[in-house]
Amino acid sequence: METFYLESHPHVELCDLLKFMGWCESGAAAKAVIAEGLVKVNGQVETRKRCKILADQQVEFASSKMVVKA
């Protein structure tokens with residue numbers, strides 16, 4: 001499982017997170033896979049592209065998993 005650190009930010013938007021982690025080539029590609037229902041947050045399918053991901057949440061896409069830390 002990978003880890004993403006928010007550093008001094010309170011949250012990260014889901015579409016940006018997929019792009020930052022290199023799981024999608026672009027923001028548009030990230031938005032497309034989210035809209036298709038291929039991304040899970042804390043085990044639940046998430047279709048909101050700009051969903052705010054907070055510390056201690058888990059994100060899954062394809063066979064990749066990550067936890068977000070402060």
Side-chain angles (χ1 to χ4, degrees):
M1 181 178 290
E2 298 180 62
T3 303
F4 179 83
Y5 292 96
L6 293 172
E7 297 171 4
S8 62
H9 303 285
H11 67 271
V12 63
E13 293 180 354
L14 182 56
C15 59
D16 292 336
L17 181 60
L18 296 181
K19 184 175 62 173
F20 294 154
M21 293 299 293
W23 291 1
C24 291
E25 294 178 9
S26 66
K31 289 176 183 178
V33 299
I34 295 166
E36 290 176 27
L38 301 177
V39 180
K40 291 183 179 180
V41 176
N42 292 337
Q44 302 292 318
V45 173
E46 181 57 72
T47 56
R48 296 175 296 159
K49 299 168 186 82
R50 296 198 175 275
C51 172
K52 293 178 181 177
I53 304 300
L54 307 171
D56 299 321
Q57 287 189 303
Q58 293 184 5
V59 178
E60 299 176 44
F61 171 61
S63 61
S64 301
K65 294 182 181 182
M66 85 172 83
V67 64
V68 176
K69 296 288 184 185

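- Residues Ala30 and Leu18 come closest through the heavy atom pair CB-CB, 3.9 Å.
- Counting heavy atoms from C-beta on, the side chains of Arg48 and Leu14 never come closer than 4.5 Å.
- Across all non-hydrogen atoms, the minimal contact from Ala29 to Glu25 is CB-N, 4.4 Å.
- Between His11 and Ile53, every side-chain heavy-atom pair lies at or beyond the 4.5 Å cut-off.
- At least one side-chain heavy atom of Met66 sits less than 4.5 Å from a side-chain heavy atom of Leu17.
- Distance NZ/Lys31 to CG/Asp16: 8.0 Å, rounded to 0.5 Å.
- Here the straight-line distance linking atom CD1 of Ile34 with atom SG of Cys24 works out to 7.0 Å at 0.5 Å rounding.
- Once rounded to the nearest 0.5 Å, the distance linking CD of Glu13 with CZ of Phe20 reads 9.0 Å.
- The minimum heavy-atom distance between Ser26 and Lys19, with the atom names listed, is C-CD, 3.9 Å.
- Under the 4.5 Å side-chain heavy-atom criterion for ILVMFWY residues, no single connected hydrophobic cluster contains both Leu54 and Phe4.
- The closest side-chain heavy-atom distance from Val39 to Trp23 is not below 4.5 Å.
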Audit row: Val59, Lys65, side chain to side chain contact (heavy atoms under 4.5 Å, CB included) steps and yes/no: CA-CA 6 Å; Val59 178; Lys65 294 182 181 182; over 6 Å; no
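- The two residues Cys15 and Arg50 come nearest to each other via the heavy atoms SG-NH1, 4.1 Å.
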